[in-house]
Every structure is written in structure tokens, then in C-alpha cells.
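Structure record follows, encoded as C-alpha cells.
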Amino acid sequence: MLQSWRWYGPDDPVLLDHARQAGATGIVSALTHVPVGEVWNAPEIALRKSQIEQAGLRWDVVESVPVHPTIKAGADDAEKHIEAYKTSIKNLAANGLHTICYNFMPVLDWTRTDLRFPAPNGGLSLRFDPVDFAAYDIHILQRHGAEGDYCDDTRLAAEERVHGLTAADVAVLEKTIIAGLPGAELSHDRKRLRENLAMFDGVDHAQLHRHLVAFLNEVVPVAESVGSRLCIHPDDPPIPLFGLPRVVSTIDDYRALTKAIPSLANGITFCTGSLGARPDNDLAAIAGEFADRIHFAHLRNVKRGPYGDFFESDHLGGDVDMVAILRILLREEQRRRGADSADVEIPMRPDHGHLLLDDQTKETYPGYSAIGRLKGLAELRGVICALQSDPSVLAAE
Ligand code: DNO
């Protein structure tokens, strides 16, 4: 597997040199300064690429080229943003960049409710609590109809929780949920969030799926024509939020998506942490069924709680059987080797890391600490080495 590391660009407090010291050879990066929906032009792509190469690394994966909200909402002016997307795919390919991650989550990209949750070993981790989320949605945002989107237990717990929040707690919770975590496409304030939610009025699961298929029908042939692979990131968390549907959360979603667009250029970013937040997701089954279209892997673990809550646990220490997943990915690489595929090695990155040691006093992007990710990558590398050194492990059913 290609061991890679997400780098947010020249403003990232974790430097390329740190990625190299952590043992990564590849970089995952994006032009986050380009407004969502606009073309990534070739000179800007070339500049980022040369910054990475000057540090002795290679830009392996583009994460993400964001999909403009009008495309997700199926709005009238989606077409011009789709055209821009096609041009970006071509410009990236012209610079040798062929693996492109994106997501199709409406309004919010990934989200959490707590960015400094103490993990059992004292490291600080990211956590999602549906009660906090409901407290925000029903009582602070006061979204019309929000009560109806939660079960009785969550609604009652949310009501109780909101009474215990100070104004400062509310401000922190709001910022955590809607201000945009790193890599998120849009940062919202309350007014903007309401406007964006309104764009999706009446868009249900089936409709959002149709918008995704319509988008892919346009861009997948372009990706194919330049030898590129798109890989959709699953919903994080993989549940509806703010009453909006999410269409990349379950094995059925993947089946519908790949049935509609069978091309392998309609690929997957296999994110163990996102999919693992749902107890009804069998990750080994998903990885096994769609192995040939996994073009990128995010490796992270979660420890699920009793009521839909979860926190990001050690990379090898949560509810996801990371060794089993790595075995599936390595076996898929072996299959590709035998089939003479162009993309034998699957790029992976340690997704997120705890705040450990000096990380806790430094300014870092939530989830993207230096030491926490270094530890995660080291652990994953250990598993990969062990599995690779034993051919019988890879061969076993
Ligand atoms: C979170 C990330 C996401 C991801 C995008 C992909 O850490 O996995 O921001 O990059 O959702 O489009």
C-alpha cells in the first residue's frame, strides 16, 4: 500500500518534512483556497505538486475536489459547475494526478460535536454525540420540523442537555458542528446554514441519489478518457443530519451507486472510521464486495457508544477489525498485480490521530495532529508488514 499523509498546503502547521519523518512517501492534498465550484487551473496544480516534490514526496491523491452544492441539490445552475469539474479533472490529469476523492454529503461535510474528548489513554480525540447534535438542531438552530427527525429518547435527552449548556458551551458546540472542520467545503454561520438547508427542501434519499448519478454520468466518462479514478468518500457520520438524506452510508447505497454507474472510474474511498460508526455496516463485506473499485483508503477506528455516539479510538483499538480490512486490501492488491492493473498499490492514509504529547499544546487542524497521526501510521505499517511477510495469511480465505 502507498503510505500517505494529508497535507493542507503551505498553511498547514504540520509540515511536509514532518510527513516524511513519519514515514509517508505520498501526500494527499487539495487546493482548498480555490472557491468551491471553480476550475482548478493547471499552473496552480503544478505549483502545489512541485512544493510536495521539493520535500522529497509525491502527490498521490487529490482530496477533495469539492462538488458544488447546486450539483448536490440539483439546482438550475449546476451545469456550469459540472463543466468546471470536468476541466479540473483534465487539468489534474495533465499534471499526472489521477486519483480524485470527493463526497456528496449535502450542506455539511464531516462533522463532530466534541474536538477534545479524552480517550482512555489521555490523548484527546474527536467524538460525535447525537444528543448534542439534536440539542443544537432542535433548540439552538430551531430548525423547523427538527423534533420529528429524532426518536423520543434522543429528543428528551437533548432537551435535558440543552438546559445544562452555558452560552459559552453553546458557542463552542455551534462552531464545532457548523463552522467547518478541516477540508470541509463550506463554513457556515447560522444564517448561511439555514439558506443552505433550504436549497435541499424536498430532496429525499432517492432524489439525492439521482443527483449523484446525474453528476457521475457527466464526469465519469471524462475521468475515464484521461485515465483517472474518482473515489467517493462515505458520509461521516453515515446517518441523515439536519433532516437531510445521505446516500453513501450503507452497502445498499454502494450497490445502487455501482449498479447505476458500473465503470471502475466510479470508485470508492474506503473510510473505515466513517462506515464503522454504524453498527449495521459490515465493513469486511463492503470492502470485499467493492474491492476492485477501492482506489483510496482512510484508515481510522471508532469506538461506538450505546446510543449512536462514537469517539475516534486508537487506529487498531476500536470496533473496526483493522487487521481484517488490511488483509482484504492487500489481497486486492495481489489480485491487481496478477491482472496487470495500472493501479496496483492502493494509497492509504492514517485518517485522523489523537492529540498526543506536544500535539495538545499546539495549534493543529482537528484530527490532523502530527504525533497522533505518526503513531497511527506506524501501527498500520506494522500490521501491513506483518501481513505482507506471511504469504499464507494473504492466501487464506
Ligand atoms: C475528514 C475527511 C473529510 C473528507 C471529505 C472528502 O477528515 O475525511 O474531510 O476529506 O469528506 O470529500
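For this chain, numbers begin at 1 and follow the sequence in order. Both counts, for ligands and for their atoms, begin at 1 and track the order of listing.
The ligand atoms of ligand 1 that sit less than 4.0 angstrom from a heavy atom of H352 are 1 (C), 7 (O). Taking a cut-off of under 4.0 Å to the non-hydrogen atoms of H298, the atoms of ligand 1 that pass are 8 (O). Set against the non-hydrogen atoms of R349, the atoms of ligand 1 under 4.0 Å away are 8 (O). Remark: ligand 1 atoms within the under-4.0 Å shell around heavy atoms of S64 are 5 (C), 6 (C), 12 (O). Close contacts between ligand 1 and Y368 involve ligand atoms 1 (C), 2 (C), 7 (O) [criterion: under 4.0 Å to a heavy atom]. Taking a cut-off of under 4.0 Å to the non-hydrogen atoms of M105, the atoms of ligand 1 that pass are 11 (O). Taking every non-hydrogen atom of Y102 and a distance limit under 4.0 Å, the qualifying atoms of ligand 1 come out as 12 (O).
Under a 4.0 Å N-O distance rule, the pair K86/E83 qualifies as a salt bridge. E147 and R155 are not joined by a salt bridge, as no carboxylate oxygen comes within less than 4.0 angstrom of a charged side-chain nitrogen. Between R161 and D129 there is a salt bridge, since a side-chain N of the basic residue sits under 4.0 Å from a carboxylate O of the acidic one. Comment: D60 engages R58 in a salt bridge, judged by a side-chain N to carboxylate O separation of less than 4.0 angstrom. A salt bridge does not link E345 to R336: none of the charged nitrogens lies less than 4.0 Å from a carboxylate oxygen. Comment: D351 engages R300 in a salt bridge, judged by a side-chain N to carboxylate O separation of less than 4.0 angstrom.
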Tell me which donor-acceptor pairs under 3.5 Å the side chains of residues 318-325 have, and how far apart each pair is, sequence neighbours excluded?
{"residue": "D319", "atom": "OD1", "partner": "K303", "partner atom": "NZ", "Å": "3.1"}
{"residue": "D319", "atom": "OD2", "partner": "R304", "partner atom": "N", "Å": "2.6"}
{"residue": "D321", "atom": "OD1", "partner": "V323", "partner atom": "N", "Å": "3.4"}
{"residue": "D321", "atom": "OD1", "partner": "A324", "partner atom": "N", "Å": "3.1"}

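The proximity of R6 to ligand 1, defined as any non-hydrogen pair under 4.0 Å, is limited to the side chain. Within the 4.0 Å heavy-atom criterion, the part of D109 lying near ligand 1 is the side chain and not the backbone.
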